[in-house]
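A short write-up of the structure that comes next.
Just so you know, these numbers use all the heavy atoms, side chains as well, and skip hydrogens, waters and symmetry mates. So you know, we letter chains A, B, ... as the sequences are listed, proteins then strands, and number each from 1.
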Amino acid sequence: MAFKDFIFRKSLWLFHFGGASCNNCDIEILDCLTPRYDVERFGMLLVGSIRHADVLLVNGSINHKDKERLLELYRQAPKPILVVAIGACGCTGGIFAGGYPFAGPVDQIIPVDAYIPGCPPKPEAILSGIVQLIEKKKTEKAHA
Amino acid sequence: MSNTKIIPVGPYHPLQEEPELFKLYCEGEIVKDIKWETGYNHRGIEKLAESKTFDQVFFLVERICGICSTSHPFAFANAMEEIAGVDIPNRAKYIRSIIGELERIHSHLLWVGLAGHFLGYNTVFMWAWKYREPILDLFEMITGNRNSYAMFKVGGVRRDIPMALIPEVRKAMDGFKPKLDLLIGAVMDDPVIHARTKGVGVLTHQDIIQFAAVGPTARASGVDIDVRRDDPYAAYDMVDWKVIVTGEGDVFAKAYVRLLEMVESVSIIEQCLDGLEKEPEGDTEVKVKNIPEGMGTGRAEAPRGEVFHFVVTDGGYGPVRHKIRAPSYVNIATFKKSCIGQTISDATISLAAVDPCYCCTERMAVAVDQRTGNMLYSGEDLLKLSHMKTEEIRKKQ
Ligand code: SF4
């Protein structure tokens, strides 16, 4: 575990899972990669496979079809993995929580480490959330 | 068929920001057939709308699609105003058009960026998205949010654009124009982009008619349709602008249409600002107390094409039926024509060229087993799902 904790302190690689979302959160995540916000300066990279990822970003409400895929992705992910729920939909289901396809907010399906609320959260908020998560990991290490 | 290989793309693929699954049936490098599967994004919006009040529905339809988050409220407002029989003040019309056109600019820039990304030309991606930021700042200044603007209501708009803000908007537009020219020049003159997009993913006039495609996809194939001109709403008949149409139908033509539409949008915004200056500040809505029983349709030209809303009311507080048709729903079908026969690397850009938006498109589909004639998702199954949900809620209480 100590080795993995060490890895969590820098250069997190992110995998993005877009559930049943309205796309805005997805776009704001992509926006983090572009010149104004540029997450790559923190060594963060959006990767194509969950097997390469340190962090699983989940946004959007989760419907029945997504639920199985999310569970499967979580199963395939190298552990420990940090899960970040992005947006009102990821945190609670947001405006779609009453709909018939809704299968529960993310934290009822897989364990979540950080919540970034907002509809959509600004890229600054996403960055700040992930940076806070790194900070938290660092202090956890110091206490241990 | 023995040589056919299936290449799956998705559902969670780093190239796509939304979940959807494409299966490319290939022989060697050539795509022979394509199938796609959606449903990852289904949220049951039409049903949800029936449980909300008219004011709440605006926030809901805004969240059908984040990229064109004004076109749905636009169409819904048009439908509601048809039922209520109200005519909104000119100031509100101008503000609606300004928001609509700003949205077109940000959406088209987003597309240009993603198209560059699909071509493996990330410089274009980064540039276009960098130029998009000042537009989002403008949105934040006018509406308070970067993406979901919450500007519309029955009978007008929620927030005024105060006179003091107008010079700021003008300044931002003036700052944006040279960047847009630069981008147009860069895309139009680039030999690499020419080589990758000319003659690729061609849709003929006939194809467009057959698939009933709309928006820039249709206009790039010489089909001259645009709701803003054909069925004017908001301030589009009070300003001077033209519909961009070209005939080639390939990916390059679609880029051409979108880039030049942005120039038109800038000009529409500037004319609307002129109009805004002549109208009294604060005159942004007519109060609508009751929505009578009735039926109404609303259309709006989203960045991707025509959005259509059909609303039935019974004199109560919310719609009793709300039917939505988004442009991608018809545009996506053109993949069957544009991708087949292409190489795999060209198929991706042909897919991206119609600017598909899956979150608009999701429907509950019921498949029928051909042999038995039974529905694969029958009424009983739905009932079971609903019972399961009730159980879950009970457990929580
Ligand atoms: S939180 Fe808001 S912006 Fe994000 S996916 Fe949900 S509705 Fe869209």
Trp129(B) side chain to Arg36(A) backbone, donor-acceptor under 3.5 Å: no
Non-hydrogen atoms of chain B under 4.5 Å away: do they reach the side chain of Cys89(A), the backbone, both or neither? neither
Could you tell me if Asp26(A) and Ser21(A) have a donor-acceptor pair between their side chains, going purely by distance under 3.5 Å? yes
Can you say whether the rings of Phe58(B) and Phe76(B) are parallel (under 30°), tilted (30 to 60°) or perpendicular (over 60°)? perpendicular
From the list Lys130(B), Arg146(B), Lys47(B), the residue making the most non-hydrogen contacts under 4.5 Å with chain A is Arg146(B)
Below 4.5 Å from any heavy atom of chain A, which atoms of Asn145(B) appear? Answer side chain, backbone, both or neither. side chain
Proximity breakdown for Ile29(A) and chain B, heavy-atom pairs closer than 4.5 Å: neither
Under the 6.0 Å and 45° cation-pi test, does Lys153(B) pair with Phe54(B)? no
Using heavy-atom distances under 4.5 Å, tell me whether Ser61(A) contacts chain B through its side chain, its backbone, both, or neither. side chain
Close side-chain approach of Met151(B) to Ile142(B), heavy-atom, < 4.5 Å: yes
Check each atom of Ala97(A) against the heavy atoms of chain B and say whether the ones under 4.5 Å are side chain, backbone, both or neither. backbone
How about His64(A) and Tyr100(A): are their ring centres within less than 6.0 Å of each other? no
Could you tell me which portion of Asn59(A) (side chain, backbone, both or neither) has an atom closer than 4.5 angstrom to a non-hydrogen atom of chain B? neither
With a 4.5 angstrom heavy-atom cut-off, is it the side chain or the backbone of Leu60(B) that approaches chain A, or both, or neither? both
Which one of Cys119(A), Gly98(A), Gly60(A) has the most heavy-atom pairs closer than 4.5 Å to chain B? Cys119(A)
Which bit of Glu68(A) comes within less than 4.5 Å of chain B, counting heavy atoms only: side chain, backbone, both or neither? neither
Check the orientation of Phe139(B) and Tyr149(B). Use parallel for under 30°, tilted for 30 to 60°, and perpendicular for over 60°. parallel
Pick one of side chain, backbone, both or neither for Glu140(B), based on which atoms fall under 4.5 Å of a heavy atom in chain A. side chain
By a 4.5 Å heavy-atom criterion (distance strictly below it), what part of Asp66(A) contacts chain B: side chain, backbone, both, or neither? both
Checking side-chain contact (heavy atoms from CB on, under 4.5 Å) between Leu82(A) and each of Asp54(A), Asp113(A), Leu56(A), which is the one that passes? Asp113(A)
